[in-house]
There are 2 protein chains.
Amino acid sequence: MTDRVVPAADRQRRRPTKQGVVLSAELIVETALRLIEEHGADALSVRRLGRALGADPSSLYRYFRHTDDLMLAIADELIGRTLRVWRPTGDWRADLRDLGLRMHTGALAHPRAAMLSAHRVTGRVHEIQAVESMIGVLRRAGFPDPEAVRIYHAFVDQALAFGALDSAVTALPRAAQQAEAEVWRDTYARLPADTHPNIAATARHLVASMRTSSYPAALDLLLTAAQTRLDHIRAQTEG
Amino acid sequence: MTDRVVPAADRQRRRPTKQGVVLSAELIVETALRLIEEHGADALSVRRLGRALGADPSSLYRYFRHTDDLMLAIADELIGRTLRVWRPTGDWRADLRDLGLRMHTGALAHPRAAMLSAHRVTGRVHEIQAVESMIGVLRRAGFPDPEAVRIYHAFVDQALAFGALDSAVTALPRAAQQAEAEVWRDTYARLPADTHPNIAATARHLVASMRTSSYPAALDLLLTAAQTRLDHIRAQTEG
DNA sequence: ACCTTATGACAACACCGTTGACCTGTGAAG
DNA sequence: CTTCACAGGTCAACGGTGTTGTCATAAGGT
């Protein structure tokens, strides 16, 4: 077999499956996303997806080389949805903050998909658009090219990494999730001051903080550091 | 079957396998870690682990309820190893930097375990020790309690999130991993300047940067922002 | 109306985690 | 010593997985 996949653009023979469904890459991706959200990340298998579509599992290999290919298509679709609602204003720091928060909440809206795709490079249209936009924001802000790339890399990976981490938490079974919250209240908050002075002194803040994601804080720290760097660069070029 | 697992402490009948190996939870964990290190993350399956140990795969279910159980045992072992080699010096920034990098490389040394445990709160001794140490470092540096907790939370989640993210990349099949590297060279680096000016202008830096983890950069940005915050706080309390 | 061929279907392969039933050596009790 | 309960190793099987070689057929261009 050389390659059973035909590029989406070249497809024309829209032949329905036995159950009357007309397949397409888009339909497959949509169905996969629905499957993941409704029945969990483990619900995504070629066979189950085929069943959900009303098609033989092997038919999907006419559209995607292998499951990994499909994962990338799903990831790109998610990127596209996030980017589509982002409206940059020209204020680099506010724009990046907005985008970061959107990426994070976007991931949390599809936790299982986010967990499976956060670490993938798709090289597809939506991702390319996103990269172009982000680097553009940084360069227009005045960051020299190497610095812009460095900060872009850290920024995007941090958004994806926290998105996946926080998604993993929400994907935990209800019981396990509640149990983890209780560990902070019942274990950490009760440690005696003589053996664990620092935890005891900050217990109240710990319990409060650990209930929520630290991503907004981490994002602000990253942007603050970038701002510092930018001020430094501007001072140098002026002086 | 009620439960085929017997607590490690209660075990006494040390019966060798057909191939003469005497099993134990420790031996299984060690062998699993070796397997991951030597043959990649996807080399770890119950069947392969059984083969590597010289035992029937189903024997392992006498020691661990299921694979997840085994993964957690492995993760627990890793936390211990990381913390055991950390020696704080008193310089808060250097100490946190050192710990962050150790956590990250510790995760990368055993990607599968890192991916499964990054988002879990164990409440066990090693974890508690780590929390106490980190918050202690920040408080001694002069951060007020709410600020110390905020930065601790962002710091530890960042280390865990990047550890898991980068682990996921290395856990990818060889082929997929190489394919991703090629996307930057063959797709991004070849985009024309008229449609994607920002990517075209920074292509060289992008290809170089994307080859490596952005965690060190992200960590330094976080620490820089923390330093800025600390300077600000000190100026206020002095003035 | 014909012919090509894209595309769907089928069957098979080699793997996976997990479990119920079985067998046997171990170690303690008599 | 011998006995004997049973921990712990083994076997075979189940239902799942991704993937591929082969075949059948309907769609579309000529």
Side-chain angles (χ1 to χ4, degrees), chain A residues 1-25 27-28 31-32 35-36 39-72 74 116, chain B residues 1-28 31-32 35 39-72 112 116 171-176:
Chain A
M1 182 179 51
T2 52
D3 195 351
R4 75 204 319 165
V5 175
V6 169
D10 303 8
R11 293 186 171 271
Q12 19 197 8
R13 301 202 185 172
R14 319 283 44 236
R15 175 179 175 179
T17 72
K18 250 186 176 175
Q19 300 186 34
V21 183
V22 176
L23 294 179
S24 70
L27 179 63
I28 295 173
T31 308
L35 215 55
I36 291 175
H39 302 105
D42 303 350
L44 189 63
S45 76
V46 178
R47 297 174 126 92
R48 252 199 277 246
L49 184 50
R51 219 179 300 139
L53 280 161
D56 189 89
S58 66
S59 298
L60 306 189
Y61 288 88
R62 299 281 181 204
Y63 295 84
F64 301 98
R65 251 181 281 281
H66 36 245
T67 23
D68 212 62
D69 232 34
L70 172 60
M71 254 352 286
L72 293 184
I74 293 173
L116 291 174
Chain B
M1 183 180 47
T2 54
D3 195 350
R4 74 202 323 165
V5 175
V6 168
D10 302 8
R11 294 184 170 270
Q12 20 197 5
R13 302 208 181 168
R14 321 281 49 235
R15 176 178 176 179
T17 72
K18 248 186 176 175
Q19 300 186 34
V21 184
V22 176
L23 294 179
S24 70
E26 290 74 27
L27 180 63
I28 294 173
T31 308
L35 216 54
H39 304 298
D42 40 357
L44 189 63
S45 76
V46 177
R47 296 175 126 92
R48 255 197 275 243
L49 183 52
R51 221 178 299 140
L53 280 161
D56 189 272
S58 65
S59 299
L60 307 189
Y61 289 87
R62 300 277 182 207
Y63 294 84
F64 302 97
R65 250 180 279 283
H66 37 243
T67 26
D68 227 54
D69 233 34
L70 172 60
M71 285 314 314
L72 287 182
R112 276 283 263 277
L116 286 173
L172 242 39
R174 268 182 95 59

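Residue numbers start from 1 in every chain, and the chains themselves are labelled A, B, ... in the order their sequence lines are given, proteins ahead of strands.
Between B:Asp56 atom CG and D:dC11 atom P there is a gap of 6 Å when expressed in whole angstrom units. Following rounding to the nearest Å, B:Arg15 (CZ) and D:dC6 (P) show an atom-to-atom distance of 15 Å. What separates CZ of A:Phe64 from C1' of D:dG18 is a distance of 16 Å, to the nearest Å. Atoms CG (B:Leu49) and P (C:dT18) sit 12 Å apart, rounded to a whole Å. Between the P atom of C:dG25 and the CD atom of B:Gln19 lies a distance of 16 Å, rounded to the nearest Å. D:dT19 atom P lies 13 Å from atom CE of A:Met71, rounded to whole Å. The CG atom of A:Leu27 sits 15 Å away from the C1' atom of C:dG8 (whole-angstrom rounding). Rounded to an integer number of Å, the gap from B:Arg4 CZ to D:dA7 C1' is 12 Å.
Between the CG atom of B:Leu60 and the CZ atom of B:Arg4 there is a distance of 11.0 Å, given to the nearest 0.5 Å. Atom CZ of A:Arg47 and atom CG of A:Asp56 lie 9.0 Å apart (nearest 0.5 Å).
Proximity of B:Lys18 to the phosphate of D:dC11: a side-chain N or O atom is located under 4.0 Å from OP1 or OP2. In this model, the phosphate group of C:dC16 is approached by a side-chain N or O of B:Ser45 to a distance below 4.0 Å at OP1 or OP2. Between B:Tyr61 and the phosphate of D:dG9, there is no side-chain N or O to OP1/OP2 separation shorter than 4.0 Å. Phosphate contact (OP1/OP2 of D:dG9, side-chain N/O of B:Ser58, threshold under 4.0 Å): absent.
A 4.5 Å side-chain heavy-atom check between A:Leu44 and A:Thr67 finds every atom pair outside the cut-off. Residues B:Leu49 and B:Leu70 meet the side-chain proximity criterion, which asks for heavy atoms closer than 4.5 Å. Inter-residue side-chain proximity for B:Leu23 and B:Ser59 is flagged as met; some heavy-atom pair is nearer than 4.5 Å.
Nearest-nucleotide positions on DNA chain C for B:Arg51 and B:Arg65 put B:Arg51 closer to the 5' end. Comparing B:Arg62 and B:Thr67 by the nucleotide of DNA chain C that holds the closest heavy atom to each, the one mapping nearer the 5' end is B:Thr67.
Nearest to the side-chain atoms of B:Arg47 among the listed nucleotides D:dG9, D:dT17, C:dG17 stands C:dG17.
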